[in-house]
Amino acid sequence: MAKCEFKSLPDAKLQRQRNTSFSFSYDEINISETLSNYAKGKTYYIHTYGCQANYRDEEIISGILTKAGFIKANDENADIIILNTCAVRENAEDKVFGKIGELKAIKAKNKNAIIAICGCMVQQIHIINKILDIYKHVDLIFGTHNITDLPKLLDEIILKRNKIVDVKSQPSLIEENLPSTRLSSFKAFVNISYGCDKFCTYCIVPYTRGKERSRKMEDILNECRELKEAGYQEVTLLGQNVNAYGKDFKDGTTFAKLLEEVAKLNIPRIRFLTSHPWDFKEEMIDVIAKYDNIMKYIHLPVQSGSSEILKLMGRRYTSDQYKQLVTLIRSKIKDVYLSTDIIVGFPNETEEQFQETLEMVKFAQYDSAFTFIYSPRNNTPAAKMVDNVTREEKSSRFKRLVAELEKSVSASSMAMVGKTFKVLVEGASEKDSSMLSGYTEGNKLVHFKGDLSLVGKIVDVKIIVSHTYSLIGELINA
């Protein structure tokens with residue numbers, strides 16, 4: 001496959017535009033006779049990196065390939081190999097490039113194998129250029145906005161045996177009625193919106209995922225009803241910024257209203273990811289407090305405890321405003337569990353500003369957290385900032401942050417010992433196959449003895465030991 005056909009390429013200027021319109025499509029995916037004949041007896045493999053939105057994309061890609069007639073494989077020795085990528089941090093990209101390099105051996109053994117790269121990484125032109133320049137065995141590159149073009153793209157590769165790059169810069173449709181092969185039979189992700197309009201200065205997501213756009217409420221509720229009828233125990237509502245849901249409709253639709261309607265469907269467990277503090281309204285807090293099936297777990301990224309750094313990050317709130325929100329949440333939602341994201345070593349962060357982040361951690365008393373050393377992303381404003389924080393200082397601050405966070409995480413876990421919690425059983429423990437693993441309503445990981453017949457069920461587990469980041473429990477009344 002020597003020739004490469006460029007159908008569309010990402011354009012950073014177009015990716016920044018927010019005055020574009022989009023429409024809704026309810027057309028079903030069509031599979032050509034060429035592709036269905038080709039798929040007979042052939043397999044596919046998808047390796048996904050990154051966030052829950054990427055895993056939801058995997059389910060749709062898998063649904064498309066299954067509809068075409070391909071069979072899912074358990075490893076890379078497949079006829080179609082797709083890497084579904086993440087661009088949020090540099091180390092995520094490094095892992096992808098390492099995996100692409102490994103696939104060269106697969107291609108050498110099976111010259112007819114089709115290797116495709118999709119996801120957020122390829123929404124950046126320099127990434128596409130690197131893949132084309134170094135990784136000659138890659139056959140197809142497609143973007144986050146044209147996943148549903150996959151059947152047509154595969155048709156062309158099968159017929160012409162050429163390489164194709166098709167990465168659109170902007171979304172034009174919200175597509176419903178998409179085929180989907182769920183990764184779980186009891187936990188499901190449901191997209192409620194796509195894209196983000198916040199443009200935090202460090203973040204690549206608004207460029208890779210595009211304009212903030214909401215699905216119609218009735219379409220979301222229909223999907224949730226189907227999942228409930230199919231026996232799903234937990235549904236997570238997904239968006240790059242879930243609590244901005246409905247703003248684009250300009251008719252008073254809010255995330256709080258959607259969340260309440262989903263709660264009324266009586267799905268046993270409802271979660272949502274990810275919230276932006278600037279859009280977190282009291283109406284939302286009241287709905288969460290009102291319904292028992294909305295999990296009392298809130299992921300509330302703070303990023304920094306310094307108002308000066310937050311301003312440089314374009315976060316739209318101050319340290320005091322974030323603290324006021326945390327206080328309001330804790331006052332209205334009993335036994336709420338809070339998690340967060342924190343970045344250390346943002347360009348020119350001072351020791352004093354870092355200390356403000358440590359103070360925020362002490363104040364908020366997070367139950368869990370995701371911590372990162374700042375990683376510049378190409379074409380973002382922060383990547384152009386002069387940075388005088390050394391790598392050694394960033395590493396030192398990261399270690400001190402983790403040590404401070406561990407105090408509240410440990411206290412949260414220790415407070416659970418001796419108490420009984422409802423746990424959704426996910427399967428055998430990865431580290432000990434004789435144990436089951438699952439998550440509490442507060443999203444704490446618990447390991448306990450039990451039979452595999454309990455997978456997919458919600459059971460009572462008494463916590464007997466805390467290991468800080470995971471818990472050991474015993475089954476009650478099984």
Side-chain angles (χ1 to χ4, degrees), residues 51-53 55-56 59 180 182-193 215 217 220-239 242-243 245 255-275 280 284-300 329 332-339 367-368 412-413 416 419-427 429 436-448 450 452-463 470-471 473 475-478:
C51 68
Q52 290 86 351
Y55 282 96
R56 182 67 188 115
E59 292 179 335
S180 184
R182 297 281 180 179
L183 294 168
S184 169
S185 61
F186 53 89
K187 290 177 65 173
F189 298 128
V190 173
N191 289 322
I192 67 167
S193 63
R215 292 177 66 194
M217 189 180 293
I220 297 167
L221 294 175
N222 284 339
E223 183 175 349
C224 290
R225 284 190 195 97
E226 290 173 2
L227 290 166
K228 181 180 183 294
E229 289 168 3
Y232 277 77
Q233 298 297 296
E234 182 174 295
V235 166
T236 300
L237 306 177
L238 291 182
V242 289
N243 41 0
Y245 172 80
F255 177 61
K257 291 177 182 177
L258 170 66
L259 187 58
E260 182 159 30
E261 292 304 311
V262 175
K264 289 177 181 177
L265 298 176
N266 293 319
I267 298 165
R269 287 185 167 197
I270 299 163
R271 300 186 187 275
F272 56 90
L273 288 169
T274 290
S275 293
F280 212 109
M284 252 182 84
I285 299 171
D286 291 337
V287 171
I288 297 166
K290 180 179 179 181
Y291 291 90
D292 291 339
N293 60 339
I294 300 177
M295 298 298 93
K296 306 306 183 270
Y297 166 80
I298 297 173
H299 186 63
L300 194 66
I329 289 171
K332 290 204 162 198
I333 305 175
K334 183 182 177 182
D335 298 326
V336 67
Y337 287 77
L338 285 182
S339 67
D367 298 279
S368 60
S412 171
S413 296
M416 297 173 69
K419 298 176 183 177
T420 298
F421 295 86
K422 292 195 176 298
V423 173
L424 176 55
V425 186
E426 302 226 338
S429 169
L436 295 177
S437 292
Y439 286 88
T440 66
E441 294 179 342
N443 213 38
K444 290 278 193 174
L445 178 62
V446 183
H447 306 289
F448 56 97
L452 285 172
S453 63
L454 296 175
V455 172
K457 297 179 181 178
I458 296 172
V459 298
D460 291 325
V461 178
K462 182 179 180 180
I463 307 303
S470 64
L471 303 156
L475 204 56
I476 303 296
N477 300 326

For this session: Could you give me the CA-CA distance, side-chain angles and deciding distance for Tyr337 and Ser412, then say whether side chain to side chain donor-acceptor pair (under 3.5 Å) is met?
Result: CA-CA 9 Å; Tyr337 287 77; Ser412 171; 5.5 Å; no
Counting C-beta onward and ignoring hydrogens, is there a side-chain heavy-atom pair between [X] and [Y] closer than 4.5 Å?
| X | Y | value |
| --- | --- | --- |
| Leu471 | Leu445 | no |
| Val287 | Lys257 | no |
| Ser368 | Asn443 | no |
| Glu260 | Lys264 | yes |
| Met217 | Glu261 | yes |
| Val425 | Phe448 | yes |

Compare every heavy atom of [Y] with every heavy atom of [X], then report the nearest pair and how far apart it is.
| X | Y | answer |
| --- | --- | --- |
| Pro268 | Ile458 | CB-CD1, 4.0 Å |
| Cys224 | Val262 | SG-CG1, 4.2 Å |
| Val455 | Gly427 | CG2-CA, 3.6 Å |
| Ala289 | Lys332 | CB-O, 3.4 Å |
| Phe255 | Asn243 | CB-CA, 3.8 Å |

Problem set entry | Criterion side-chain contact (heavy atoms from CB on, under 4.5 Å) against Phe421, the qualifying member of Val446, Val461, Ile463 | Ile463
For this session: For the pair Val242 and Ser275, evaluate side-chain contact (heavy atoms from CB on, under 4.5 Å) and give the outcome as yes or no after the intermediate values.
Result: CA-CA 6 Å; Val242 289; Ser275 293; 3.9 Å; yes
Quick one: pull up [atom1] in [X] and [atom2] in [Y] and give me the separation to the nearest 0.5 Å.
| X | Y | atom1 | atom2 | result |
| --- | --- | --- | --- | --- |
| Leu238 | Cys51 | CG | SG | 8.0 Å |
| Gln52 | Asn191 | CD | CG | 11.0 Å |
| Lys290 | Ile285 | NZ | CD1 | 15.5 Å |
| Asn266 | Arg225 | CG | CZ | 11.5 Å |
| Asp335 | Glu441 | CG | CD | 10.5 Å |
| Ile298 | Ile288 | CD1 | CD1 | 4.0 Å |

For this session: For His447 and Ser437, run side chain to side chain donor-acceptor pair (under 3.5 Å): C-alpha distance rounded to whole Å, both residues' side-chain angles, the deciding distance at 0.1 Å, then the answer.
Result: CA-CA 5 Å; His447 306 289; Ser437 292; 2.6 Å; yes
Exercise. Can you name the side-chain contact (heavy atoms from CB on, under 4.5 Å) partners of Ala263, sequence neighbours left out?
Worked result: Ile270, Tyr291, Asn293, Ile294
Heavy-atom count around [X] [atom1] within 6.0 Å, excluding the residue itself: above 12?
| X | atom1 | answer |
| --- | --- | --- |
| Asn222 | CG | yes |
| Lys296 | NZ | yes |
| Phe189 | CZ | yes |

Is it the case that the side chain of [X] and the backbone of [Y] share a donor-acceptor pair, with hydrogens and angles ignored and the cut-off at 3.5 Å?
| X | Y | value |
| --- | --- | --- |
| Asp367 | Leu338 | yes |
| Tyr232 | Ser184 | yes |
| Tyr245 | Arg215 | yes |

For this session: Give the intermediate values and the outcome of side-chain contact (heavy atoms from CB on, under 4.5 Å) for residues Tyr439 and Val423.
Result: CA-CA 5 Å; Tyr439 286 88; Val423 173; 5.8 Å; no
Problem set entry | Lys/Arg-Asp/Glu bridge criterion (N-O < 4.0 Å) met for Glu59, Arg182 | yes
Problem set entry | Salt bridge flag under 4.0 Å for residues Lys422 and Asp460 | yes
For this session: Could you go through the side-chain contact (heavy atoms from CB on, under 4.5 Å) check for Val190 and Leu227 one step at a time?
Result: CA-CA 10 Å; Val190 173; Leu227 290 166; 3.5 Å; yes
Problem set entry | CA sep, side-chain torsions, deciding dist, call: Leu258, Ile220, side-chain contact (heavy atoms from CB on, under 4.5 Å) | CA-CA 9 Å; Leu258 170 66; Ile220 297 167; 3.9 Å; yes
Exercise. Can Glu223 and Arg56 be said to form a salt bridge (charged side-chain N to carboxylate O under 4.0 Å, His left out), step by step?
Worked result: CA-CA 13 Å; Glu223 183 175 349; Arg56 182 67 188 115; 3.5 Å; yes
Seminar exercise, completed: The salt bridge (charged side-chain N to carboxylate O under 4.0 Å, His left out) partners of Glu234 (sequence neighbours excluded) come to Lys187, Arg269, Arg271
